[in-house]
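Bear in mind the structure is a predicted one, so any value in this text is a computation, not a measurement.
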Amino acid sequence: MLYVYAYLCWACAGCVSGAGRYAEGVSNMAANSGVFEPRNILVTGGCGFIGANFVRYVARNHPDVHVTVLDKLTYAGNPENIAGLPESRVELVVGDICDAALLERVVPGHDAIVHFAAESHNDNSIADPEPFIRTNVEGTMRLLEAARKYDVRFHHISTDEVYGDLALDDPARFSECSPYRPSSPYSASKAASDHLVRAWVRTYGLRATISNCSNNYGPYQHVEKFIPRQITSILEGIRPKLYGTGENVRDWIHTEDHSSAVWEILTRGRIGETYLIGANGEMSNIAVLRMILRLMGQPEDAFDWTRDRPGHDRRYAIDASKLHAELGWKPMHTNFESGLRATIDWYTNHREWWVASKAATEARYRAQGM
Ligand code: NAD
Ligand code: DAU
């Protein structure tokens with residue numbers, strides 16, 4: 001894989017700016033099919049958890065597509081997440097989505113931007129909201145401006161958290177019509193970014209779509225998040241930590257299913273539309289933790305309760321019927337327990353990938369009493 005350290009190397013601007021890709025000719029709608037067939041996509045945040053899994057998905061399933069990853073490599077980004085992919089098809093540009101001058105060099109020549117880059121962790125946003133507003137709001141605006149200037153198709157990755165939460169005993173689920181009611185600085189910043197995308201569609205005619213997905217799990221997820229935190233704690237002999245009552249419900253989806261849904265929306269979704277992505281994976285945190293403990297051969301009560309997250313959302317649940325009906329998308333990973341077992345195996349076999357960040361993350365959590 002080719003690394004282009006854009007902020008260090010102006011000489012690389014030629015390859016970064018995609019002159020070669022222009023020469024090959026950008027793709028558009030396949031003749032008469034109504035399917036958008038991108039050839040050169042820019043994936044922001046492609047060294048993070050979901051972005052990297054998406055880059056791997058595209059490299060595996062669409063060998064005719066060239067991917068440029070634009071990633072700042074924050075604490076959450078790791079070039080190892082996309083290591084081993086063919087250099088001719090995957091290129092890494094290290095840089096900030098808030099850097100308008102860099103976007104001027106990187107964006108031209110791409111026919112689509114798939115925008116994953118974000119500050120993504122609720123607990124961090126509660127401790128310090130500022131980077132969330134900068135990356136998630138300002139960064140999205142910068143990308144939208146570049147996409148508008150160069151007429152690039154835009155797909156925005158968002159979250160179900162923009163809709164706030166549901167009561168535990170409420171049979172309702174989120175749909176594309178649910179009102180925006182974000183609870184945390186993180187989800188408020190994502191809600192703001194969704195509004196920006198809609199405004200750019202309506203005001204400037206930008207060719208954009210939005211997807212709001214539920215909680216992802218799978219390989220390469222940072223150890224600050226619930227499932228990898230608990231797995232790696234057990235592997236390190238640390239007792240897992242459960243916030244509050246543990247009754248909060250999340251709607252789990254394997255990250256590979258998120259990738260396939262995003263690809264369908266990018267290539268066949270209707271411009272200006274929002275699609276919710278979910279896989280009917282509702283489960284309480286305490287049930288997930290007990291499943292992890294059981295699968296790892298531990299007693300099901302071998303964990304500690306901690307103080308609750310302020311403003312902790314109670315329940316998320318996705319109604320993905322629009323995505324099913326319009327695009328025929330279906331998740332492949334329908335057995336959560338077997339997906340969890342594979343995820344446990346992945347962390348067990350990739351200790352070198354997480355061990356350094358584990359120590360730093362647990363120190364941060366300890367300081368917050370979590
Ligand atoms: P992550 O924190 O694992 O990765 C974020 C990536 O973005 C990292 O590689 C980081 O280096 C990069 N990044 C951060 N700031 C940047 C900047 N200013 N410029 C360039 N790159 C920058 O996040 P994730 O869990 O993979 O989430 C990816 C996206 O999916 C986010 O937009 C998030 O809101 C959304 N999402 C996440 C989930 C989930 O369960 N994790 C669910 C639904 C939606
Ligand atoms: O719903 C989609 C969202 O899912 C994404 O937009 C976010 O980027 C992603 O981080 C995730 O948000 P959550 O806050 O739901 O995920 P997190 O992994 O932080 O926590 C999941 C649940 O587990 C939540 O109810 C808090 C709880 N929790 C978390 C940790 C880290 C614990 O009980 N103990 C923990 O140690």
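- Judged by distance alone, the side chains of Asp251 and Ser214 never bring a donor and an acceptor atom under 3.5 Å apart.
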I'd like a table of donor-acceptor pairs (distance under 3.5 Å, sequence neighbours excluded) in which one partner is a side-chain atom from residues 43-52, with atom names and distances.
unit_1	atom_1	unit_2	atom_2	d
Thr44	OG1	His115	ND1	2.7
Thr44	OG1	Phe116	N	3.0
Thr44	OG1	Ala117	N	3.0

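- Salt-bridge formation is detected for the pair Glu145/Arg148: a Lys NZ or Arg NE/NH1/NH2 atom is positioned less than 4.0 Å from an Asp or Glu carboxylate oxygen.
- Between the side chains of Asn335 and Arg341, no donor-acceptor pair of N or O atoms lies under 3.5 Å.
- Using cut-offs of 30° and 60° on the angle between ring planes, the pair Phe174 and Tyr163 is tilted.
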- Task: Walk me through it: do Arg207 and Asp151 pass the test salt bridge (charged side-chain N to carboxylate O under 4.0 Å, His left out)?
- Result: CA-CA 8 Å; Arg207 292 175 295 129; Asp151 188 24; 3.5 Å; yes
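- For the 3.5 Å distance criterion, the side chains of Arg181 and Ser187 fail to qualify, holding no donor opposite an acceptor.
- Checked against a 6.0 Å centroid threshold, the rings of His350 and Tyr220 do not count as neighbours.
- At a threshold of 4.0 Å, the pair Arg173-Glu282 does not count as salt-bridged, since none of the basic side-chain nitrogens sits closer than that to a carboxylate oxygen.
- A donor and an acceptor atom, one from each side chain of His110 and Thr68, are located under 3.5 Å apart.
- Between Glu362 and Arg229 there is a salt bridge, since at least one side-chain N of the basic residue sits less than 4.0 Å from a carboxylate O of the acidic one.
- Residues Phe36 and Arg153 meet the side-chain proximity criterion, which asks for heavy atoms closer than 4.5 Å.
- Between Thr135 and Ile97 the shortest side-chain heavy-atom distance falls below 4.5 Å.
- Using a 4.5 Å heavy-atom threshold, the side chains of Glu119 and Tyr75 count as touching.
- Residues Phe226 and Tyr243 place their aromatic rings such that the two centres sit no closer than 6.0 Å.
- Considering every non-hydrogen atom in both Ser120 and Lys225, the closest pair reads OG-NZ, 3.0 Å.
- Side-chain contact between Arg134 and Asp96: present, with at least one pair of heavy atoms (C-beta onward) separated by less than 4.5 Å.
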- Item | Stepwise salt bridge (charged side-chain N to carboxylate O under 4.0 Å, His left out) check, Arg250 with Glu161 | CA-CA 10 Å; Arg250 296 295 181 263; Glu161 293 192 20; 5.6 Å; no
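- Cation-pi geometry between Arg351 and Trp353 is not satisfied (NZ or CZ under 6.0 Å from the ring centre, within 45° of the ring normal).
- Side-chain atoms of Arg268 never come within 3.5 Å of backbone atoms of Val35 as a donor-acceptor pair (strictly under, hydrogens ignored).
- Here the side chains of Trp354 and Glu236 are in contact, with some heavy-atom distance below 4.5 Å.
- Checking Asn122 against Asp313 by side-chain atom types alone, no donor-acceptor pair falls below 3.5 Å.
- Between Leu235 and Thr348, some side-chain heavy-atom pair lies under the 4.5 Å cut-off.
- Asp160 places no side-chain N or O within 3.5 Å of a backbone atom of Asn212 that could act as its donor or acceptor partner.
- Inter-residue side-chain proximity for Thr274 and Arg198 is flagged as met; some heavy-atom pair is nearer than 4.5 Å.
- Of the N and O atoms on the side chains of Lys358 and Thr232, at least one donor lies less than 3.5 Å from an acceptor on the other residue.
- Side-chain contact between Pro331 and Trp329: present, with at least one pair of heavy atoms (C-beta onward) separated by less than 4.5 Å.
- Aromatic ring pairs are classed by plane angle as parallel below 30°, tilted from 30° to 60° and perpendicular above 60°; the pair Trp305 and Phe303 is perpendicular.
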